[in-house]
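Below is one structure, written out as C-alpha cells; comments come after it.
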Amino acid sequence: MPVINAVDPKNRMAEKENIIIVESPAKAKTIERILGKDFKVKSSFGHIRDLSKKKLGIHIEKNFEPDYIVPEEKKKVVSELKKAVSDAKTVWLASDEDREGEAIAWHLSEVLKLDPEKTKRIVFHEITQQAILRAVEQPREINISLVNAQQARRVLDRLVGFELSPVLWKKVKPALSAGRVQSVAVRLLVEREREILFFKPDTYFRVTAIFYFDRDNEKYSLKAELSRRMKTKKEVTEFLNFCMKTGFFVENLATKPVKRTPPPPFTTSTLQQEANRKLGYGVSYTMSLAQRLYEAGHITYMRTDSVNLSELALNTARTQIKNMFGDAYTKTRKYRTKSKGAQEAHEAIRPTYLNKDTVSASKAEKKLYELIWKRTLASQMEDARLEKTTVTITPKGSPETFTASGEIIVFDGFLKLYQASSDEDTTEAAPGFLPPVEKGQELLYKEIRATERFTQPPPRYSEAALVKRMEELGIGRPSTYAPTISTIQQRGYVAREDRPGELRNIAELILKGTRIDEKSKTESFGKERGKLIPTNIGIVVNDFLVKHFEDIINYNFTATVEKQFDEIAQGTLNWTEMIRRFYTGFHPKVEETIRDTDKQTGERILGKDPESGEEVIVKIGRYGPVVQIGRPGNDKKPRYASLRTGQLMETLSLEEALALFRLPRNIGEFEGHEIIVAIGRYGPYVRHNGKFYSIPVNTDDPYTLTLERALEIIVEKREAEKKKIIHAFDDGIKVLQGRWGPYITFEKKNYKIPKGLKAETLTCEECKKIIKENPPTSRKTKKS
DNA sequence: CAGTGAGCGAGCTTCCGCTTGACTT
C-alpha cells in the first residue's frame with residue numbers, strides 16, 4: 001500500500017510526497033519527530049481564512065453567501081503552505097475533528113486549490129505513531145455538512161455582532177460591542193450584582209455547645225451544634241435558661257462508611273477554576289502558562305473540553321501510581337464529558353509524561369504543571385474511604401438535639417495526592433476525630449453559645465467562576481473563555497475589583513455555669529477580592545439589550561442554535577435556510593430599535609436639591625456617569641459632578657449624590673497658594689501649588705479634612721520626598737530612591753543606573769553621560 | 001492622573017473561534 005510506504009522512514013522516495021497539515025505548530029513538531037524527518041508536517045496556525053474584518057462580509061442578497069478573505073497576517077502562512085503543497089503527491093488534512101477543524105480543512109482545500117484526488121482528510125486523537133498510522137489508513141473526504149454547520153455558526157455570530165454593536169453606538173456610546181457570547185456573560189454579571197445589591201439578609205442564631213466529660217482520669221471535650229437554627233433572641237434565651245437547669249446525654253451514636261471520588265482530569269474550564277482557587281491565577285495568566293508548558297512538550301493541548309485520557313496515558317498512570325503508592329491505590333477510570341456543546345477534539349489536559357512529577361520551568365509554570373500532574377494521577381486512583389460518626393446529644397426533657405460529627409480516613413486513596421476544592425466558603429474546619437463517647441453517656445456543658453448570623457447573598461463571580469457558568473450554559477469555547485473575559489473588561493462593561501467589606505454588629509449570648517452573658521461584637525462581611533463587577537455602562541447596555549433583544553441575550557439562545565447547527569451537520573437542515581429564518585426575525589427588530597428608541601442614558605431621578613429646589617438626576621453623560629442638578633434651558637445651567645469609581649447609578653442615594661458637590665473644597669492658604677481637597681481617579685487628595693498629596697483613606701475623610709491636617713499631610717510627603725533624594729545636582733539632575741531601586745531623573749524623564757555603578761557615589765558628570773547615552777525609561781502608555 | 005457637561009460632524013468602532021507570535025514592563 002503506497003500509504004504505508006509513505007510513512008516508512010526507510011523509503012527515501014517518500015520525501016516530499018506526503019504533507020500533513022495540522023493546526024498547531026507545536027503539534028506539527030511532535031508529529032514530525034514521530035514520523036521522521038522524511039515526512040513533511042506543516043501547520044496552518046488555526047483558521048487561514050475568515051470574513052472581512054471591516055465589512056459585514058456576507059452577501060445577504062445572494063442567499064447569505066460569505067465573502068472570505070485571507071487576512072494580512074495569514075498571507076505568509078498561506079504562501080508557505082502553497083509552496084509546500086505544490087510538489088506533494090498527497091496532502092493529508094489533519095485538523096481537529098470538530099466543526100472548526102473541518103472548516104479549516106475545507107478552507108485549506110479551497111485556498112490551496114487542492115486536487116480532491118490527492119487530498120485526504122484524516123483525524124487522530126493522540127499523537128503516537130500507532131494512532132497516526134491508523135488514521136492514515138482510514139482517510140475520508142471533507143464532510144461538507146459539518147463545514148456548513150461552521151459557516152452557519154460564523155455567519156450567525158457576524159450578523160448578531162455587526163448589527164447589534166452599531167445599535168449601541170447610536171443609542172449608548174461609540175465603540176461598544178454586543179455579541180452572542182459576551183452579552184450573555186455581561187448579563188450573568190449584572191443579574192448577580194442585582195441579586196447582591198437588593199439582597200435582604202435574614203438573621204438567625206447558630207447555637208454551639210462545648211460539652212465535657214471525664215473517662216479514666218482523662219478529660220475530654222466535644223463541640224456540637226444545635227440541629228435547628230433559632231429565629232429570635234427570645235427563643236434563644238428561653239432555650240439557654242432551659243439548658244442551665246437540665247442535663248445532657250448522648251442519645252445516639254452512629255457510624256457509617258462514606259467514600260470520596262477523585263475529580264476528573266482537567267479541561268480548560270476546570271483548569272482555570274482550580275488554578276484560580278489553589279494558585280490565585282487569573283484565567284488568561286493560567287492560559288499563557290499552559291501555552292508555554294504545551295510548547296515545551298510538558299503537557300497535552302490546553303484548549304479542550306474533553307476529560308478523556310488516551311490508552312497510553314491510562315497505562316502509564318497505572319504504572320506510576322503503582323510505583324509510588326502500590327497496587328491498592330490504582331483504579332483505572334474512563335471519564336465522559338457531560339458539558340453542553342462539547343466537541344471533544346482533544347484529550348483532557350494532562351502531563352505528556354506522567355512519570356515526571358515536576359518540570360524545569362518558571363516558578364508559576366512549575367506550580368501549574370504540578371497541579372495538572374496531581375489531578376491527572378488522582379483521577380486514576382482509588383476512592384478514599386472514610387468513616388463518619390455522628391453523635392446526637394439531647395438536653396433532657398427537650399425536643400432539641402445537638403449533633404457533633406467526626407470523620408476518620410480508613411483508606412486515603414486519591415487524597416494522598418490531591419485535595420479537591422470548591423467555590424463554597426469553607427469557614428468551618430474539616431471534621432476530625434471525636435472523643436470516645438458512648439450511647440447513653442451523661443455530659444456536662446462548659447459553655448453554650450448562640451451567635452447571631454446573617455443569611456448570605458450569592459457570591460460575586462471570579463473570572464474562573466464565570467467561565468464555569470458559561471460552560472454550563474454552553475456559551476463560548478475553550479479557546480474563547482479568556483479572550484471573552486478580556487473583551488467585556490476592555491469595553492468597560494465590567495471591572496475586576498476588590499471590595500473592602502463592611503462591618504456589622506452581631507449579638508451573642510453565652511451560657512457559662514449559671515450565667516447568661518449577652519455581648520455584641522462586630523464582624524466584617526461582603527469582602528471580595530478580584531471579582532468581576534459590572535459598571536454603570538455595563539448595566540445600561542445590558543438592560544437595553546435585554547429589553548429589545550431578549551431572545552438573543554437569552555441564556556438558552558446558544559443552546560437553541562446549537563441544536564440547529566447539529567441538524568445542519570447531520571445534513572438534515574440547509575444552513576442558509578436556517579440563517580434566513582433567523583435573520584428575517586432579527587433584522588426588522590434591529591431597524592425598529594434604531595427607529596423607535598431614544599438615547600439610553602440610564603437616567604434616574606433621585607429627588608430635589610434642598611438648597612435650590614431643583615431636580616437631582618443621575619445619568620450617563622458625555623464623559624461617564626454624572627449627577628446633574630437642574631435641567632438646562634432658560635439661561636439656566638445645571639451643575640454637574642462625576643460619580644466616583646465604584647458608585648453605581650442604580651443604588652446612588654440623594655445624599656450620596658449631593659455629597660459629590662461638596663468637593664473640591666478650598667480649605668485655606670499656605671505659602672501663598674490655596675489648598676484644595678478633592679477626590680480624583682486615584683482617591684482623595686490635597687492639591688497645593690500644582691502638587692498632589694494623597695489623603696490616607698482609612699484615617700482621614702476629605703469632606704471634613706481640616707487645614708491643620710492638610711498641612712501635616714503636605715509636610716509629611718515633603719519629608720518622605722526628601723528622604724528619597726540621594727543626590728541633587730545643580731542643573732536639576734537628581735538621583736532618587738524609587739520603589740525598584742535608585743534612578744536618575746531629569747526634566748521629568750527617568751533613567752536607569754547602568755549595572756556596576758553605585759548610586760551613592762555617582763557624580764554629576766557621570767549622570768550627564770548616562771542621560772546622554774541612554775534612552776529614558778518609558779512610562780506606561782495610557783492605552784493597551 | 002487629579003477635568004470635563006456647546007454643538008457640528010468625518011471617520012471610526014463591532015462578532016466568535018481556530019492558532020501563535022512580536023511587541024512591551
Side-chain angles (χ1 to χ4, degrees), chain A residues 22-28 43-58 71 73-74 76-77 95-96 98-105 107-108 150 153-170 173-183 288 291-292 294-295 301-303 343 345 475-481 483-484 487 490-491 552 558 619-629 632 637-642 663-664 676-687 690-695 740 777-782 784:
Chain A
V22 295
E23 289 174 43
S24 149
K27 198 166 163 182
S43 152
S44 75
F45 292 80
H47 275 293
I48 53 152
R49 208 165 63 151
D50 190 17
L51 305 174
S52 142
K53 269 198 181 66
K54 296 263 167 244
K55 291 185 298 189
L56 182 65
I58 299 162
E73 68 272 15
K74 281 290 162 66
K76 206 175 137 201
V77 177
S95 43
D96 297 343
D98 60 12
R99 203 159 63 200
E100 298 296 327
E102 203 67 17
I104 288 173
H107 281 302
L108 281 168
Q150 193 275 346
R153 200 279 305 154
R154 183 67 191 93
V155 167
L156 178 99
D157 282 338
R158 173 52 69 91
L159 288 171
V160 170
F162 274 39
E163 294 218 358
L164 282 189
S165 299
V167 178
L168 296 180
W169 305 343
K170 291 190 183 83
K173 203 177 100 165
L176 294 177
S177 65
R180 173 177 60 83
V181 173
Q182 58 169 282
S183 298
S288 73
Q291 175 89 27
R292 268 180 270 160
Y294 167 66
E295 284 170 10
Y301 198 58
M302 63 284 156
R303 290 187 276 264
Q343 306 206 5
I475 295 162
R477 303 279 313 131
S479 66
T480 59
Y481 295 139
T484 301
T487 300
Q490 259 166 27
R491 300 277 174 274
I552 285 165
T558 292
K619 64 173 193 182
I620 303 231
R622 285 204 299 166
Y623 306 105
V626 68
V627 176
Q628 176 183 323
I629 302 181
K637 262 199 181 173
R639 295 170 64 206
Y640 295 96
S642 288
L663 292 177
I676 309 288
V677 180
I679 295 174
R681 267 181 74 185
Y682 298 91
Y685 64 92
V686 174
R687 194 176 66 214
K691 284 202 156 189
F692 293 90
Y693 305 85
S694 291
I695 301 173
W740 296 287
T777 50
S778 53
R779 307 185 62 178
K780 248 191 213 158
T781 43
K782 204 178 168 190
S784 76

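Within every chain, numbering begins at 1; the chains are lettered A, B, ... in the order of the sequence lines, protein sequences first and strands thereafter.
For the pair A/I679 CD1 and B/dC1 P, the computed distance is 19 Å after rounding to whole Å. Remark: P of B/dA22 and CD of A/E73 are 13 Å apart, rounded to the nearest angstrom. Spacing between atom CG of A/L156 and atom C1' of B/dG17 amounts to 14 Å, rounded to whole angstrom units. Between the NE2 atom of A/H107 and the C1' atom of B/dC18 there is a distance of 10 Å, rounded to whole Å.
The aromatic ring of A/Y623 does not sit over the base of B/dG3, since the test of centres under 5.5 Å and planes under 30° is not met.
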Point to revise | Secondary-structure notation, DNA chain B, from Watson-Crick and G-U pairs under 3.5 angstrom (| other strand) | key: .........................
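Under the ring pair (Phe, Tyr, Trp, His ring centres under 6.0 Å) criterion, A/Y640 pairs with no residue at all, not counting sequence neighbours. Residues forming a side chain to side chain contact (heavy atoms under 4.5 Å, CB included) with A/S288 (at least two apart in sequence, or on another chain): A/Y285, A/R292. Every side-chain hydrogen bond (donor to acceptor under 3.5 Å, both in side chains) that A/Q628 has, sequence neighbours left out, goes to A/K619.
Listed pair A/R49 / B/dG17 fails the phosphate criterion, with no side-chain N or O lying under 4.0 Å from OP1 or OP2.
A distance of about 23 Å separates the P atoms of B/dG11 and B/dC15, rounded to the whole Å. A distance of about 16 Å separates the C1' atoms of B/dT13 and B/dG9, rounded to the whole Å.
Contact annotation: the side chain of A/H47 approaches that of A/Q150 to within less than 4.5 Å [non-hydrogen atoms, C-beta and beyond]. Using a 4.5 Å cut-off on side-chain heavy atoms (C-beta onward), A/M302 and A/Q291 make contact.
Although no hydrogens or angles enter the test, the distance criterion places a donor-acceptor pair under 3.5 Å between the side chain of A/S165 and the main chain of A/A178.
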Review point. Taking protein heavy atoms under 4.0 Å as touching, what does nucleotides 7-16 of chain B look like 5' to 3' if B marks base contact, S marks sugar-phosphate-only contact and - marks none?
Key: ------BBBB
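Residues A/R491 and A/S177 approach most closely at NE-OG, 2.6 Å, considering heavy atoms. Among all heavy-atom pairs drawn from A/R180 and A/V160, the shortest one is N-CG1, 4.0 Å.
On a pure distance criterion of 3.5 Å, no polar donor-acceptor pair joins the side chain of A/S642 and the base of B/dG3.
Residue A/K173 qualifies as open at atom NZ: its count of foreign heavy atoms under 6.0 Å is 12 or below.
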All N/O contacts under 3.5 Å from nucleotides 19-21 of chain B to the protein, with atom names and distances to one decimal?
residue	atom	partner	partner atom	Å
B/dT19	OP1	A/Y301	OH	2.4
B/dT19	OP2	A/Y301	OH	2.7
B/dT19	OP2	A/R303	NE	2.9
B/dT19	O5'	A/Y301	OH	3.2
B/dT19	O4'	A/G46	N	3.4
B/dT20	OP1	A/S24	OG	2.7
B/dT20	OP2	A/Q291	NE2	3.3
B/dT20	OP2	A/R303	NH2	2.7

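Within the model, atoms OG1 of A/T484 and CD of A/Q182 stand 7.5 Å from one another, a figure rounded to the nearest 0.5 Å.
Ion pair A/D96/A/R303 not flagged as a salt bridge, since none of the NZ, NE, NH1 or NH2 atoms sits closer than 4.0 Å to an Asp/Glu carboxylate oxygen.
If you check every strand for non-hydrogen atoms under 4.0 Å, A/G624 touches a base.
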